[in-house]
Trainee: 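I'd like to ask some things about the structure below.
Count residues from 1 along the sequence.
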Amino acid sequence: MPWQWTPQHVDEWSADLRAVHGCVRSTLRNYQGSVRQFCDFLTNPAYGWGDECLRHFGTHPVQVVYDWNAATHADEAEGEPERRAFTRPELEAFFDHADEEVLRVRGKGRKGWLPAFRDAALFKVAYAYGLRRNETRMLDVTDFGRNPEGREFGEYGTLLVRYGKAKKGSPPKRRSVLTVWHWNIRRHRCGRQSASPPRWRR
């Protein structure tokens, strides 16, 4: 139970996650962060959980995740060494497959072609603007805007990222990303004007 947890339990649990379950360092850090926040809540005097546990169980919860027993975020790039970026042919095959899935589902008269079209568009937007997963997930069509220095892109000259990666203790960081790929703009325009999805422009 939480009032019985100790830092040693965290050490054993973390070792099991890494060695047995194969969790990557970033996943382990997220799990430990959740436990740390939960313990902060339990040990906060404002909520009175410590007194309640002491009254009922004769002991009380303590913080068990510290800087010395938690995974640290020491490097911006935490990818495993065996992972690599897609080659150009692999990237083209991936985008082509996403487009073909739209055509395949729609050709069968099924309702799932719109979500497939959405996913195909999101994959290309994430690639074209170099977005993180959460940045892509939180996008809205109104986040596109004009770039005075890139009039050829029309209404899609910039993309406002409202949920960028935040610094510790800070709100999400906003940033603007300039459009550089013409094929991405054609994708947006075709997507608005026609229900027939265009293939990715090489």
Side-chain angles (χ1 to χ4, degrees), residues 22-31 33-34 73 75-168 170-202:
C23 290
V24 297
R25 191 174 182 82
S26 59
T27 300
L28 176 63
R29 191 177 63 252
N30 288 335
Y31 286 172
S34 297
H73 192 175
D75 194 349
E76 183 68 21
E78 291 190 325
E80 298 296 323
E82 62 270 14
R83 294 184 182 179
R84 60 170 178 80
F86 281 169
T87 63
R88 176 108 185 186
E90 289 171 340
L91 194 61
E92 291 182 359
F94 173 72
F95 286 152
D96 286 344
H97 174 74
D99 285 339
E100 288 164 2
E101 278 296 290
V102 182
L103 299 175
R104 182 185 66 82
V105 174
R106 192 180 184 200
K108 291 184 177 181
R110 295 167 56 184
K111 296 180 180 179
W113 76 269
L114 274 176
F117 185 32
R118 174 206 60 200
D119 293 345
L122 282 177
F123 290 144
K124 298 177 182 73
V125 169
Y127 171 74
Y129 293 95
L131 304 180
R132 296 180 175 88
R133 179 176 54 190
N134 191 59
E135 293 173 345
T136 306
R137 181 176 67 91
M138 302 302 292
L139 285 180
D140 195 284
V141 291
T142 58
D143 293 328
F144 287 97
R146 292 181 174 272
N147 176 12
E149 302 298 328
R151 298 177 184 274
E152 66 273 22
F153 296 119
E155 298 178 359
Y156 303 99
T158 62
L159 176 63
L160 175 62
V161 179
R162 292 176 291 119
Y163 288 86
K165 186 175 181 179
K167 293 183 179 180
K168 187 175 182 180
S170 301
K173 186 177 180 180
R174 290 181 174 232
R175 62 188 175 95
S176 293
V177 185
L178 300 180
T179 302
V180 295
W181 303 109
H182 287 274
W183 58 261
N184 195 41
I185 303 310
R186 289 196 293 269
R187 174 80 186 191
H188 291 306
R189 289 171 178 165
C190 291
R192 281 193 172 189
Q193 295 172 1
S194 172
S196 179
R199 294 178 67 82
W200 180 51
R201 310 291 185 174
R202 292 179 178 80

Trainee: Closest heavy-atom contact between A120 and V102?
Mentor: CB-CG2, 4.4 Å
Trainee: Between atom CZ of R106 and atom NZ of K108, what is the distance when rounded to the nearest 0.5 Å?
Mentor: 15.5 Å
Trainee: Determine whether V161 and L131 satisfy the following criterion, side-chain contact (heavy atoms from CB on, under 4.5 Å), listing intermediate values before the conclusion.
Mentor: CA-CA 8 Å; V161 179; L131 304 180; 3.7 Å; yes
Trainee: Test your reading of the model: is there a side-chain donor-acceptor pair from D119 to the backbone of A116, 3.5 Å cut-off?
Mentor: no
Trainee: Please name the residue in the list Y129, F117, F95, F94 that meets the ring-ring contact (aromatic ring centres under 6.0 Å, His included) test with F123.
Mentor: F94
Trainee: To check you understand the geometry: which heavy-atom pair defines the closest contact between C23 and Y31, and what is its length?
Mentor: SG-CE1, 4.3 Å
Trainee: Has the side chain of R162 got a donor or acceptor atom that lies under 3.5 Å from a matching backbone atom of D143?
Mentor: no
Trainee: Kindly compute the distance separating CD (E152) from OG1 (T179), expressed to the nearest 0.5 Å.
Mentor: 9.5 Å
Trainee: Salt bridge between D99 and K124, side-chain N to carboxylate O under 4.0 Å?
Mentor: yes
Trainee: Nearest 0.5 Å, what's the CZ-CZ distance between R25 and R29?
Mentor: 8.0 Å
Trainee: Let me confirm one number: the CZ-OH distance from R146 to Y156, rounded to the nearest 0.5 Å.
Mentor: 10.0 Å
Trainee: If you measure from CZ on R104 to NE2 on H97, what distance do you get to the nearest 0.5 Å?
Mentor: 7.5 Å
Trainee: Nearest heavy-atom pair of K165 and E135: which atoms, and what distance?
Mentor: N-OE2, 3.6 Å
Trainee: In Å and rounded to the nearest 0.5 Å, what is the OH to CG distance from Y127 to L91?
Mentor: 5.0 Å
